[in-house]
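Here the structure comes first, spelled out in structure tokens, and everything after it is commentary.
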Amino acid sequence: MAQLLVVEDNPDILHLIWTQMRARGHQVLGASSGPEALAAVELWGPPQVAVLDVAMPSMDGLELLQQLRATTGMQELPAIFLSARVDRETVQAAHRLGAAYLAKPFMEEILYAAIEAALTRGYEGLWTAIEAAKHRSPNP
């Protein structure tokens, strides 16, 4: 069981991810904004993996990841971005931060595979796990 931080400003998506990952045995800290996430981490301690929306009010996910890494001292905190924004510049910015990038709508199996890969093999294992999960999952 790992501690995950899930930050998503859409309450339905936040609840969906929270429910899915708790059902798979993970402890999930949920937040709807960057400032709320930073407060949760200060209270509960650093996560093992962060799952972050990109486009959020007051602080985007890219900035949040940088602040999480600075405040926790975990410069290698594994992160997975989930976003409906799939432009080249944003995806490249996420990759420069060493994070995986999954488009919304996402498939639970692919998100779970990315989280497990981040926990066991770090960033390098993320891409292999995501590609393998895509091939196992039926097309939506």
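Keep in mind that this is a model prediction, so the values were computed, not measured.
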Reported [atom1]-to-[atom2] distance for the pair [X] and [Y], which is rounded to 0.5 angstrom:
X	Y	atom1	atom2	answer
Arg22	Leu4	CZ	CG	10.5 Å
Ile110	Leu82	CD1	CG	11.0 Å
His95	Arg88	NE2	CZ	11.5 Å
Leu68	Gln75	CG	CD	11.0 Å

Side chains of [X] and [Y]: closer than 4.5 Å at any heavy-atom pair?
X	Y	value
Val6	Leu14	yes
Gln20	Glu109	no
Asp53	Lys104	yes
Met56	Val7	yes
Glu108	Met21	yes

- Query: Only one of Thr90, Leu102, Val54 clears side chain to side chain contact (heavy atoms under 4.5 Å, CB included) with Phe81; which?
  - Reply: Val54
- Message: Just to verify, which of Val28, Ile13, Leu29 counts as forming a side chain to side chain contact (heavy atoms under 4.5 Å, CB included) with Trp18?
- Response: Val28
Under 3.5 Å, sequence neighbours excluded: what are the donor-acceptor pairs made by side chains of residues 33-51?
| residue | atom | partner | partner atom | Å |
| --- | --- | --- | --- | --- |
| Ser33 | OG | Glu36 | N | 3.2 |
| Glu36 | OE1 | Ser32 | OG | 3.0 |
| Glu36 | OE2 | Ser32 | N | 3.2 |
| Gln48 | OE1 | Gln3 | N | 2.9 |

Donor-acceptor pairs are to be reported for all side-chain atoms of residues 58-66 against protein atoms at under 3.5 Å, with residues two or more places apart or in another chain.
| residue | atom | partner | partner atom | Å |
| --- | --- | --- | --- | --- |
| Asp60 | OD1 | Leu62 | N | 3.0 |
| Asp60 | OD1 | Glu63 | N | 2.8 |
| Glu63 | OE2 | Gln67 | NE2 | 3.1 |

- Query: Between the side chain of Arg85 and the main-chain N/O of Ala103, is any donor-acceptor distance below 3.5 Å?
  - Reply: no
- Note on the structure: Here the pair of heavy atoms bringing Ser83 nearest to Val86 is O-CG2, 3.9 Å
- Message: Applying side-chain hydrogen bond (donor to acceptor under 3.5 Å, both in side chains), can you list everything that pairs with Glu116, at least two apart in sequence or on another chain?
- Response: His26
